[in-house]
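In what follows, a structure is listed as structure tokens, so that the remarks can point back to it.
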Amino acid sequence: MTTRLRVAPSPTGNLHVGTARAALYNWLYARHTGGVFIVRIDDTDRERSTPEYEANILDSLRWLGLDWDEGVGVGGPHGDYRQSSRFDRYREVAESLVASGVAYYDDRSEEELEELRQRAQREGKHPAYYIRRPDTPRSEGAIRFAVEESVEFVDLVRGEIRFEADAIDDFVILRSDGTPTYHLASTVDDVDYEITHVARGEDLLSSTPKHILLTRAMGAEPPVYAHLPLLFGADGKKLSKRHGATSVTEFREAGYLPEAMVNYLALLGWSPGDDLTIFDLDLAIERFDLADVQRNPAVFDLDKLTWLNGEYIRAMAVESFAERVRPWVEDEVGPLSDDEWARFEELAPLIQERTKLLREAAEQARFLYVSEITYDEASWKKVMEKDGVSEVLDAALDALGALSDWNAEAIESALRALPERLGLGAGKVFQPVRVAVTGSAVSPPLFESLAALGRETSIARLEEARRRL
RNA sequence: GGCCCCGUCGUCCAGCGGUCUAGGACGCCGGCCUUUCAAGCCGGUAACGCGGGUUCGAAUCCCGUCGGGGCUGCCA
């Protein structure tokens, strides 16, 4: 039997990294087992779902390198794979469950239900204890599923799990306005699409008995469930907006690479063994198994992701690095001509070495293109507001002005002669030149930077800095 | 409150009864390199929550306890 797995995001926000990891694990397992990976959109919440979010989700999945065999955008035997176009089907299932007696109409008010919940709680019982089939049958309202049996199942990552019937509420499957709830829509789809494995966040573990009961009521065999550990923020709580970036898009815009992202996500709850930290998707596909997923929650560690990103950046061929960084640079300083871009390419290997995020590379290259240099305040204060700086700049101006060739080697030998001549340490000479030319005490290597910048601009900046002292 | 899940360095992962004086990675600290910042190299710091069992032997199995988390909606 071929495996069929899916990811079913709700288009009520951009793709969350937690959902991205769940998608990755489903995808890895599908690819590992030679099965089918499906992307479905769970948009039963008509209020909060938007086409923009849906587009962002699909786009982010593609960016991460997760392709799908069936689903939204690529088609397949089940329509457009959006729940919003299957409401008739869900209603039909709900009504047939009422007809067969396993579900019932319930027109009780919110207040009545709340009272029943509180009563149960006062008595130390499960909140759903008293929310059961009313004595006199109703013929309108929401449709609830009548829970009458305990549920036991084997979770692929957690092992045997059991829920007593008393601890499962008679849950609503069809709202009084005729729209399906998540439980219904998701379960009907999993049955109709013949999903064999459901790997999802642990937050859905307590809903699983409902899904199993529903599946059986439809006369189908439940899929294998695998509940993945949640992703936490540094405070040990479920990862959310207040922890900073949580959407794939935010990481993308900050300059993270999809390869690094996916590598890091894979590591959050799983490991390929052999103490391997850096690996590609092919290796992950080869070794991945849902049964090997970690049970305890993982804290999302931005430092480690950033380090990994740096590893990927440094591992790239310098040409690919330059190519991928160009949009960031142009975003920072505007469109560049080929000649202007050549200046970046000259420095590219040196910038690549000290870049962890593509965005940082753009910042390092900024001095090459701005017409008016801005000085980093702290750098200026630390380096330029010292005695003897004007003499240093004068000497540098002299030495550089006399150069016939303008290249890194010539610049280096001209400037290297200065510390001794001025009786100063190397740092005392090179740092003022650096700040004058790049605007910051932190920059790519000095001689190469001057070479790439060009004679005219370099000299002009030294003069400008000299005037400002 | 009820139900469910989880518990190895600060963090992620390895460990599936003996080879564990617990291994790798990030971070952190120190050193080397060095015109800055990185990178690189070398070294260091640091964990089996606790208590009982089972066993010749437990990080690994069982029970309890404590701690953390999730769910508890006509959201998903």
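In what follows, every chain begins at residue 1, and chains take the letters A, B, ... in the order their sequences are listed. Being a predicted model, the structure only gives us computed values, none of them experimental.
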Within the 4.0 Å heavy-atom criterion, would you say [X] contacts the bases, only the backbone, or no part of the nucleic acid?
{"X": "P127(A)", "result": "base"}
{"X": "G201(A)", "result": "nothing"}
{"X": "T44(A)", "result": "sugar-phosphate"}
{"X": "L205(A)", "result": "sugar-phosphate"}
{"X": "S176(A)", "result": "base"}
{"X": "Y264(A)", "result": "nothing"}
{"X": "S271(A)", "result": "sugar-phosphate"}
{"X": "K237(A)", "result": "sugar-phosphate"}
{"X": "P445(A)", "result": "base"}
{"X": "I168(A)", "result": "nothing"}
{"X": "A298(A)", "result": "sugar-phosphate"}
{"X": "E311(A)", "result": "sugar-phosphate"}
{"X": "R200(A)", "result": "nothing"}
{"X": "F163(A)", "result": "sugar-phosphate"}

Say we look at [N] and [M]: how far apart would their [atom1] atoms be, to the nearest angstrom?
{"N": "U65(B)", "M": "G1(B)", "atom1": "P", "result": "14 Å"}
{"N": "C37(B)", "M": "G44(B)", "atom1": "C1'", "result": "24 Å"}
{"N": "C3(B)", "M": "C61(B)", "atom1": "P", "result": "25 Å"}
{"N": "C62(B)", "M": "U54(B)", "atom1": "C1'", "result": "7 Å"}
{"N": "G49(B)", "M": "U11(B)", "atom1": "P", "result": "12 Å"}
{"N": "C50(B)", "M": "G31(B)", "atom1": "P", "result": "35 Å"}
{"N": "G70(B)", "M": "C74(B)", "atom1": "C1'", "result": "22 Å"}
{"N": "C4(B)", "M": "U60(B)", "atom1": "C1'", "result": "24 Å"}

With both distances under 3.5 Å as the test, what is the Watson-Crick or G-U wobble partner of [N]?
{"N": "G10(B)", "answer": "C26(B)"}
{"N": "C50(B)", "answer": "G64(B)"}
{"N": "U21(B)", "answer": "none"}
{"N": "C41(B)", "answer": "G31(B)"}

Checking only heavy atoms, does the side chain of R354(A) share a donor-acceptor pair with the base of C37(B) at less than 3.5 Å?
yes

Does any N or O donor sit under 3.5 Å from an N or O acceptor when you compare the side chain of T181(A) with the base of C74(B)?
no

Would R91(A) and F87(A) count as a cation-pi pair here, with the cationic atom under 6.0 angstrom from the ring centre and within 45° of the axis?
no

[X] pairs by side chain to side chain donor-acceptor pair (under 3.5 Å) with which of [options]?
{"X": "R200(A)", "options": "N26(A), T208(A), T19(A)", "value": "T208(A)"}
{"X": "D169(A)", "options": "R132(A), H126(A), R144(A), K210(A)", "value": "K210(A)"}
{"X": "Q83(A)", "options": "D189(A), D43(A), T179(A)", "value": "D189(A)"}

Could you check V442(A) against E160(A) and say which one's nearest nucleotide on RNA chain B is further toward the 5' end?
E160(A)

Nearest-nucleotide comparison on RNA chain B, the residue closer to the 5′ end among D107(A) and P297(A):
P297(A)

Indicate whether the side chain of E360(A) and that of T355(A) have a donor and an acceptor atom separated by less than 3.5 Å.
no

Which of the following nucleotides, [options], is nearest to the side chain of [X]?
{"X": "F430(A)", "options": "C26(B), U35(B), C6(B)", "value": "U35(B)"}
{"X": "K238(A)", "options": "U36(B), G70(B), C4(B)", "value": "G70(B)"}
{"X": "D301(A)", "options": "G10(B), C75(B), G69(B)", "value": "G10(B)"}
{"X": "R314(A)", "options": "A76(B), A39(B), U35(B)", "value": "A39(B)"}
{"X": "R416(A)", "options": "C13(B), U35(B), U36(B)", "value": "U35(B)"}
{"X": "R117(A)", "options": "C3(B), G73(B), G40(B)", "value": "G73(B)"}
{"X": "D203(A)", "options": "U35(B), C71(B), G10(B)", "value": "C71(B)"}
{"X": "K304(A)", "options": "A39(B), G24(B), C71(B)", "value": "G24(B)"}
{"X": "Y182(A)", "options": "A76(B), G2(B), C6(B)", "value": "A76(B)"}
{"X": "D303(A)", "options": "U35(B), C6(B), G27(B)", "value": "G27(B)"}

In whole Å, what is the span from the [atom1] atom of [X] to the [atom2] atom of [N]?
{"X": "L228(A)", "N": "G70(B)", "atom1": "CG", "atom2": "C1'", "result": "14 Å"}
{"X": "K386(A)", "N": "U36(B)", "atom1": "NZ", "atom2": "C1'", "result": "14 Å"}
{"X": "Q352(A)", "N": "G40(B)", "atom1": "CD", "atom2": "C1'", "result": "14 Å"}
{"X": "D169(A)", "N": "G73(B)", "atom1": "CG", "atom2": "C1'", "result": "9 Å"}
{"X": "R295(A)", "N": "C13(B)", "atom1": "CZ", "atom2": "C1'", "result": "14 Å"}

Would you say the ring centers of [X] and [Y] fall short of 6.0 Å from each other?
{"X": "F447(A)", "Y": "F430(A)", "answer": "yes"}
{"X": "Y104(A)", "Y": "F145(A)", "answer": "no"}
{"X": "F300(A)", "Y": "Y264(A)", "answer": "yes"}
{"X": "H32(A)", "Y": "F288(A)", "answer": "no"}

Do the side-chain N or O atoms of [X] get closer than 4.0 angstrom to the phosphate oxygens (OP1, OP2) of [N]?
{"X": "K210(A)", "N": "C71(B)", "value": "no"}
{"X": "Q294(A)", "N": "A14(B)", "value": "yes"}
{"X": "N296(A)", "N": "C12(B)", "value": "no"}
{"X": "R162(A)", "N": "C4(B)", "value": "no"}
{"X": "R48(A)", "N": "C75(B)", "value": "no"}
{"X": "R175(A)", "N": "A76(B)", "value": "yes"}

Is any side-chain N of the basic residue among E164(A) and R162(A) closer than 4.0 Å to the acidic one's carboxylate O?
yes

